[in-house]
Number of protein chains: 2
Amino acid sequence: MSSDTPTSLLPESPVLRAAVRAREAAAALAPLPRSAKDAALLAIADALDARTEEIVAANAEDVAKARAAGTAEGIVDRLTLTPERVRAIAADVRNVVGLPDPVGEVVRGSTLPNGIDLRQVRVPLGVVGIVYEARPNVTVDAAALCLKSGNAVLLRGSSSAYASNTALVRVVRDAVEGAGLPADAVQLVPGESRESVRELMRARGLVDVLIPRGGASLIRTVVEESTVPVIETGTGNCHVYVDAAADLDTAVRILVNSKAQRVSVCNAAETLLVHRDVADRFLPLALDALAEAGVTVHGDERVLAAAGGGRATVVPATEEDWGTEYLSYDIAAAVVDSLDEAVRHIRRWSSGHTEAIVTGSQQAARRFTQLVDSTTVAVNASTRFTDGSQFGFGAEIGISTQKLHARGPMGLPELTSTKYVVTGDGHIRG
Amino acid sequence: MSSDTPTSLLPESPVLRAAVRAREAAAALAPLPRSAKDAALLAIADALDARTEEIVAANAEDVAKARAAGTAEGIVDRLTLTPERVRAIAADVRNVVGLPDPVGEVVRGSTLPNGIDLRQVRVPLGVVGIVYEARPNVTVDAAALCLKSGNAVLLRGSSSAYASNTALVRVVRDAVEGAGLPADAVQLVPGESRESVRELMRARGLVDVLIPRGGASLIRTVVEESTVPVIETGTGNCHVYVDAAADLDTAVRILVNSKAQRVSVCNAAETLLVHRDVADRFLPLALDALAEAGVTVHGDERVLAAAGGGRATVVPATEEDWGTEYLSYDIAAAVVDSLDEAVRHIRRWSSGHTEAIVTGSQQAARRFTQLVDSTTVAVNASTRFTDGSQFGFGAEIGISTQKLHARGPMGLPELTSTKYVVTGDGHIRG
């Protein structure tokens, strides 16, 4: 189906109708120069500031419902919008204005032997679907990044944030339209039911990519049921490997930072692996430091043996621990006989997000970097650096843990595809 | 599941067992330098030359069966291997030896403000599955391209080429093993049944990408049923648009070349669109030239009107013609009122492969290039140039018509992913 489907052919499903309108908007966005898109982004930021009250009032409905339903305080907090938070969201949009426009970038180009000019040029993906949890800030972030990269976006947030998202999208659409762009470039997927997600996942040909952002079960569902291409994001079971040649103080610092600087994020470390040659000296320091940071250690036998007498809370690890993304003050820990054993453990259990090695050995760093198959390998650095803004991308739409299209933090270029332009002078093939 | 799954945990399905072994082989291939991979490719080429007789004999079984089953001669021809064709296949493998190794290429890199060195480096995808029709040359081509890019490959050819593929893969594996690489880097998917394709499509986590090569129905099945990420290839409904400002002789030459230089390929033109301002002068020339090339024209009313008296075979087009990939000496043709109408027609009916504009107007060329959303836009050049070797890629594994990961002809870099390497000096996040 195309952007030029006559209205009479519009599908009956409200979700698919929204997708058809998104395709039409995407066709209008694709050729726009940066200045037109930036003007719309500035209008959005200004509108968020001007209409903060309306947004906060709508959000209050969601928050009241969530409280009435006995939702955990952490989740209510993520859901809550204050005037200050709305200002921060507007500031993030202004930040996107400052980022370069990826569309039009010539990725490669050459003159072929027959004189044809070949150019591979970045173009928008088209229609991007985002399925996410009860974080209203994602609504505006995703809309801003998609607009900047020339894409229309279909937003499918949590039903528990429906009033907030409705208000935010109304404000964004008004601003987009005011700036002369099609309002349908930003749409909330109609309907609060699971069925609307399902329809979005089957809208192949109308939606170019679906990006699920949220918990593991949401991501698994989308990956398994979608016929629309998916970019898998975010699950992290990151490892810190302390090599035989590690500086132990550095190793403690990197371990504690990786685990405990912020435990609820996908780039936090969930497993510690220690080379047996330094286990005796390193483990007492590490267990102490982890205890200080409030971390419970789920250790293998050798780690348990090292724990005797210290202040650390060390419990026996089960096989399940090696595969767990705790997102809490917990870490699994094991002693390994070699770097290669560490690599094997990681290849078996890691989610392929980020793994760190602490070592003074160039050979060990090189081998670990070559053999570990994850989005990011950190050498003598915390796992916590795997992040679009840390990497200097300015913003990120998520962290891809798959290998196709994009891997690792995704910035604006990852929201584009490319197109070849072949320019000849009446060239035909002989 | 990982490359280090203990043998006791191997799945019972032969297809999944093959996939597990492929993962192990992929882990061994990933860090190999170019020299090791090139040595294996040369050994394959030599083995194909040395064991041509064995291959041709096996192929004769398939050909005899196909003939007995009354298979069309064109398909039997594609299936047939002669000593000369085997030599050509070996030559193609030697050609891959000469191509640069994409693995290890630093795609981008910088030193972050905090002093961390960030590098995005190309790495193999891992395990690539290829599902294809009865073309035994694809077996060796795909294996060579996957090996060169550090990937293990699972080959699922047509059951009608099973004896040929078995012989070819035996020869290739012997050579790979003789060169010191794991034989399981190249495997034929066990079983000739549809069920084996289905298992391959569900082997998410073991297989990193599936590339279907072949007819539209094969591709549709894989796209719809696979939970493994898919790269959609090859369907082409390509358009030639003759603009108001076209040089008409050039337009005729490009039209005939696009349509008739080789009709059975995805980059052949299937629809002609003519601007009304030149229709009166252009159509008689075009219809004559198409008639000369043996092409039947499926025209709209205005094309039919122009055909009166000429030698051309012109039949009325139905709506179905606009969406048809003929792959034969047929072309649909319509007169449009403007460039924008041509673009709308293309957006509605094209498969998004390749569209050409013939024009002397810079503005028209620019607008067409911006608005057409296909893998390739050709300006004053035949649609037939959309091809890996024409583009100078040296070889191609297929032409992607999707937007994610790769779009257009896919060479060796498109068979890779990337990994970020973060190198610090004890860096932690504040």
Side-chain angles (χ1 to χ4, degrees), chain A residues 2-5 27 30-31 110 112 116 118 123 125-126 204 208-209 223-224 227 229 231 247 250 253-254 257 261 344 347-349 369-371 373-382 384-386 390-392 402-405 407-408 417-429, chain B residues 2-5 27 30-31 110 112 116 118 123 125-126 204 208-209 223-224 227 229 231 247 250 253-254 257 261 344 347-349 369-371 373-382 384-386 390-392 402-405 407-408 417-429:
Chain A
S2 86
S3 59
D4 296 289
T5 313
S110 61
L112 302 179
I116 279 181
L118 178 71
V123 296
L125 284 170
R204 194 178 174 95
D208 292 291
V209 60
V223 159
E224 282 177 7
T227 57
I231 298 180
D247 176 83
T250 302
R253 217 166 58 234
I254 287 176
N257 188 261
Q261 198 248 351
R344 277 194 300 277
R347 289 185 80 97
R348 175 146 183 210
W349 295 108
T369 303
Q370 281 182 335
L371 296 185
D373 186 27
S374 297
T375 78
T376 306
V377 180
V379 177
N380 296 328
S382 170
R384 292 275 294 114
F385 286 108
T386 305
Q390 292 293 319
F391 278 9
Q402 70 179 34
K403 291 187 188 171
L404 280 197
H405 186 71
R407 196 177 192 205
S417 180
T418 62
K419 157 159 101 180
Y420 286 100
V421 180
V422 164
T423 307
D425 208 20
H427 283 73
I428 59 169
R429 200 164 150 185
Chain B
S2 88
S3 59
D4 297 288
T5 314
S110 62
L112 302 179
I116 279 181
L118 178 71
V123 296
L125 284 169
R204 194 178 174 97
D208 293 289
V209 61
V223 159
E224 281 178 7
T227 58
I231 297 179
D247 176 86
T250 303
R253 216 166 59 235
I254 287 175
N257 187 261
Q261 197 248 351
R344 276 194 302 275
R347 291 186 79 98
R348 172 142 183 215
W349 295 108
T369 303
Q370 280 181 335
L371 295 186
D373 185 28
S374 298
T375 79
T376 305
V377 179
V379 178
N380 295 329
S382 170
R384 292 276 293 114
F385 286 108
T386 306
Q390 292 294 321
F391 279 9
Q402 70 178 34
K403 292 189 188 168
L404 279 196
H405 185 70
R407 197 177 191 205
S417 180
T418 61
K419 157 158 101 181
Y420 286 99
V421 179
V422 163
T423 307
D425 208 22
H427 284 72
I428 59 171
R429 200 163 150 186

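Every chain is numbered from 1 and lettered A, B, ... according to where its sequence line falls, protein lines coming before strand lines. Scope of the values below: all heavy atoms of this structure, side chains included, with no hydrogens, waters or symmetry mates.
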field: Where A/Pro31 and B/Leu371 come nearest, the two heavy atoms and their spacing
entry: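 The pair with the smallest heavy-atom distance is CG-CD2, 3.7 Å.
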
- request: Can you see which heavy atom on A/Arg347 is nearest to which on B/Ala27, and at what distance?
  value: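 Heavy atoms of A/Arg347 and B/Ala27 come nearest at NH2-CB, 3.2 Å.
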
Out of [options], return the one with the most heavy atom pairs under 4.5 angstrom to chain B.
{"options": "A/Ala30, A/Pro229, A/Ala381, A/Gly424", "value": "A/Gly424"}
{"options": "A/Asp425, A/Val379, A/Thr418, A/Thr369", "value": "A/Val379"}
{"options": "A/Asn380, A/Asp208, A/Leu112, A/Val223", "value": "A/Asn380"}

By a 4.5 Å heavy-atom criterion (distance strictly below it), what part of [X] contacts chain B: side chain, backbone, both, or neither?
{"X": "A/Gln370", "value": "both"}
{"X": "A/Leu404", "value": "both"}
{"X": "A/Thr375", "value": "backbone"}
{"X": "A/Leu125", "value": "both"}
{"X": "A/Ser374", "value": "backbone"}
{"X": "A/Ile116", "value": "side chain"}
{"X": "A/Thr376", "value": "both"}

query: When rounded to the nearest 0.5 angstrom, what distance separates CD in A/Gln402 from CZ in B/Arg204?
result: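 It comes to 6.5 Å.
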
field: Straight-line distance of B/Asn257 CG to A/Arg429 CZ, nearest 0.5 Å
entry: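 B/Asn257 atom CG to A/Arg429 atom CZ measures 8.5 Å (nearest 0.5 Å).
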
- prompt: Using 30° and 60° as the class limits, which term best fits the ring planes of A/Phe385 and B/His427: parallel, tilted or perpendicular?
  reply: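 If you compare the ring of A/Phe385 with that of B/His427, the planes turn out perpendicular.
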
- request: Would you confirm whether A/Lys403, through its side chain, and B/Val123, through its main-chain N or O, come within 3.5 Å as a donor-acceptor pair?
  value: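 No: the side chain of A/Lys403 does not pair with the backbone of B/Val123.
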
- prompt: Under 3.5 Å, is there a donor-acceptor pair between the side chain of B/Arg253 and the main chain of A/Ile428?
  reply: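 Checked: no pair found.
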
Largest heavy-atom contact set with chain A, pairs under 4.5 Å, which of B/Thr250, B/Thr227, B/Ile231, B/Thr423: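 Highest number of heavy-atom pairs under 4.5 Å: B/Thr423.
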
- prompt: Using a cut-off of under 4.5 Å for heavy-atom pairs, which of B/Ser382, B/Ser110, B/Gly426 has the most such pairs with chain A?
  reply: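 Counting heavy-atom pairs under 4.5 Å, the top option is B/Gly426.
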
query: For B/Leu118, is it the side chain, the backbone, both or neither that has a heavy atom under 4.5 Å from a heavy atom of chain A?
result: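 When you check distances to chain A, only side chain atoms of B/Leu118 fall under 4.5 Å.
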
query: For A/Lys419 and B/Val377, what are the C-alpha separation, side-chain angles and deciding distance, and is it a side chain to side chain contact (heavy atoms under 4.5 Å, CB included)?
result: CA-CA 8 Å; A/Lys419 157 159 101 180; B/Val377 179; 4.1 Å; yes

